[in-house]
Amino acid sequence: MGSIQSLKGTRDILPDEVAYWQWVEGAARRQFAQAAYQEIRTPIFEDTALFARGIGEATDVVGKEMYTFTDKGNRSTTLRPENTAGVVRAYIQNGLAAKGGIQRLWYSGPMFRYEQPQGGRQRQFNQLGAEVLGSKDPRADGEVIALAQDLLQGLGLVNLTMDLNSVGDRSDRAAYREALVAYLTPYKDDLDADSQDRLNRNPLRILDSKDRRTQEIVAAAPNLSAYLSPESKTFFDRVQQSLSDLNISYRLNPRLVRGLDYYTHTAFEIQSADLGAQATVCGGGRYDGLVEQLGGPATPAVGWAMGLERLMLLLKGLGPAPQSAFDFYVVSRGEAAQAQALKLAQALRRQGFSAELDLSGSAFAKQFKRADRSGAVACLILGEDEAIAQTLQLKWLSSGQQASYGQAALLQDPAALRQQLQQARAAMSEA
RNA sequence: GCGAGCGUGGCCAAGUGGUUAAGGCAGUGGAUUGUGAUUCCACCAUUCGCGGGUUCAAGUCCCGUCGUUCGCCCCA
């Protein structure tokens, strides 16, 4: 080879695939606008301390997956591995809390984790996310989850399941952690190696180990739900109530423990059986302590993040992305006609039509073949004869019908032309 | 970071040590000097991810390396 390749775990999204991305982005943008969520764009790299403090030193994301480097000013800098910490930082720094009320935010963009790539997992990947800051109302949890569900459903994804759990507040978890460690310690030697390691560092993660022996041991472990305070229990009940009010189905999973330390109370994951080991399409929950932990005022919050590459894998399995057909393909032959075609294409675009100009200069037969494949609704033909007469032929590609127009006359009534295109398009989609 | 599989043109591939690396799709030019299909012809990899080794001989065997796929870990 010798030529430079994209780095491991990164990939190009080529024009054919971009149709899916634009489809998803458009749907998300509309959905968020309807629910009064505003877009926020934060930097792709941040102070390393933001993630260390926000996500938690003991997590795998911080411990072994961050792209961290020292910049020329000797600052420890990290490519964001997720965006909740960044959004919270922006919320605090820009005084959004002081504006009062509830902030509903969404974002979309690349995240970076140094991991072994696999289907549905890359080193640079894109997440779409929603965050509601400033509400401790359990309906906020319901709203945010419904938004994710509606978006996925609107894209035609129906074979998804959602797991739900409450991980309680900080003191609930501390009490549970103690009980869990007490239960697991006698079995220490029977746990898988990773779980043994986690016994001190992050024991809750042992709950969703995939190791069979560990699973057997964990099956009889004390349940987190038994350690929830009455307040936490009530809150979780009300979250579930709001989900059933919204007709959202879910499965209670007492083992669901998410890998980022900031989660409190609600935790959920939306999964697909069609993604192999990377089943989670969307994950999130409540993080009532994070804003304060990062130096802001005590602020309850709830949100989620969706893995767009995983979403694309699912959508590709369902069929092609919807695309609107192109209006005109312009073919020409002869110097004078070619010049006129160039001007014609521009005039069409200025009237709001889409027009692709054939630049090949090859035989008409070849140009028509390309017109056919371009997906255009109609073809405009300018040859030597038309150049002299200042006319053009308009050919409807699906019916083959063709008519002659004066070059100036074609655009005299754009509304009528637009209507004709619409009719031809409708006929195309019927066929 | 660990374990296993795979790497032949833009894409899909045949090839399992012996002279010139099948075939299909796509592409380009032509048969058709002004009309999309079909058909036909021509062109399209001095080289099999990369580097080294074994051999008279390597796409084919060995080692390394890079990439990729699947699983673990973890997550979106």
Side-chain angles (χ1 to χ4, degrees), chain A residues 1-11 14 16 55 58-66 81-84 108-129 148 152 192-195 197-198 202 205-206 208-212 214 256-260 268-272 275-284 303-314 329 331-334 337 358 360-374 376 378-387 393 395-402:
Chain A
M1 278 275 154
S3 58
I4 296 172
Q5 311 281 304
S6 63
L7 288 173
K8 181 170 180 164
T10 69
R11 55 189 288 274
L14 299 175
D16 281 348
I55 300 170
T59 61
D60 286 295
V61 168
V62 172
K64 57 181 197 187
E65 295 173 2
M66 292 208 299
E82 57 98 57
N83 204 29
T84 298
S108 175
M111 309 295 158
F112 305 84
R113 291 183 200 171
Y114 193 88
E115 292 188 276
Q116 214 46 248
Q118 223 173 294
R121 187 166 67 208
Q122 298 166 212
R123 290 185 171 179
Q124 175 175 338
F125 60 101
N126 288 276
Q127 284 188 339
L128 176 75
L152 293 166
D192 61 282
D194 289 310
S195 295
D197 195 43
R198 271 192 226 117
N202 203 352
R205 300 283 322 151
I206 298 174
D208 57 10
S209 166
K210 285 183 193 167
D211 183 80
R212 265 188 67 198
T214 301
L256 175 64
V257 181
R258 301 189 41 79
L260 276 35
F268 73 94
E269 281 184 7
I270 300 172
Q271 305 180 324
S272 165
L275 284 172
Q278 279 63 243
T280 302
V281 181
C282 178
W304 48 255
M306 203 176 272
L308 293 182
E309 278 78 4
R310 291 182 188 176
L311 190 51
M312 300 307 154
L313 289 174
L314 293 174
Y329 191 92
V331 308
S332 60
R333 209 188 60 181
D358 191 301
S360 70
S362 49
F364 265 133
K366 301 284 181 193
Q367 295 195 52
F368 277 107
K369 198 171 174 180
R370 277 188 219 103
D372 193 36
R373 293 185 180 183
S374 75
C379 184
L380 296 176
I381 306 150
L382 288 95
E384 290 89 344
D385 301 343
E386 288 81 7
Q393 305 287 325
K395 178 172 185 176
W396 299 99
L397 285 165
S398 55
S399 67
Q401 281 175 0
Q402 191 169 315

[N] and [M]: how far apart are their [atom1] atoms, nearest whole angstrom?
N      : M      : atom1 : answer
B:rA45 : B:rC12 : C1'   : 15 Å
B:rU47 : B:rG9  : C1'   : 10 Å
B:rC66 : B:rG51 : C1'   : 10 Å
B:rU28 : B:rG10 : P     : 16 Å

Does [X] put a side-chain nitrogen or oxygen below 4.0 Å from OP1 or OP2 of [N]?
X      : N      : value
A:Q118 : B:rG71 : yes
A:K64  : B:rG1  : no
A:R123 : B:rA76 : no

Have a look at [X] and say if it touches a base, only the backbone sugar-phosphate, or nothing, with a 4.0 Å heavy-atom cut-off.
X      : answer
A:S362 : sugar-phosphate
A:E309 : nothing
A:G63  : nothing
A:I381 : base
A:G383 : base
A:G129 : nothing
A:R370 : sugar-phosphate
A:L397 : base
A:N126 : nothing
A:Q271 : nothing
A:A305 : sugar-phosphate

[options]: which one has an atom nearest the side-chain heavy atoms of [X]?
X      : options                : result
A:K210 : B:rA76, B:rG36, B:rC73 : B:rC73
A:D194 : B:rA76, B:rU35, B:rC73 : B:rC73
A:K8   : B:rG67, B:rG71, B:rU35 : B:rG67
A:Y114 : B:rG1, B:rG29, B:rC73  : B:rG1
A:D372 : B:rG36, B:rU68, B:rG30 : B:rG36
A:Q116 : B:rU68, B:rG30, B:rG1  : B:rG1
A:E115 : B:rA76, B:rA37, B:rG1  : B:rA76

Partner nucleotide of [N] by Watson-Crick or wobble geometry (both distances under 3.5 Å):
N      : result
B:rC25 : B:rG10
B:rC48 : none
B:rC73 : none

**Report entry** Quiz item: A:K369 side-chain donor-acceptor pair to B:rU35 base, under 3.5 Å
**Finding:**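 There is none.
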Query raised in the report: Closest nucleotide of RNA chain B for A:R258 versus for A:Q402: which of these residues is on the 5' side?
Result: A:Q402
Requested in this report: Walk me through it: do A:T280 and A:E269 pass the test side-chain hydrogen bond (donor to acceptor under 3.5 Å, both in side chains)?
Outcome: CA-CA 6 Å; A:T280 302; A:E269 281 184 7; 3.2 Å; yes
Query raised in the report: Hey, is A:F368 stacking on B:rU35? Ring centres under 5.5 Å, planes under 30°.
Result: yes
Query raised in the report: Between the side chain of A:R113 and the main-chain N/O of A:P81, is any donor-acceptor distance below 3.5 Å?
Result: yes
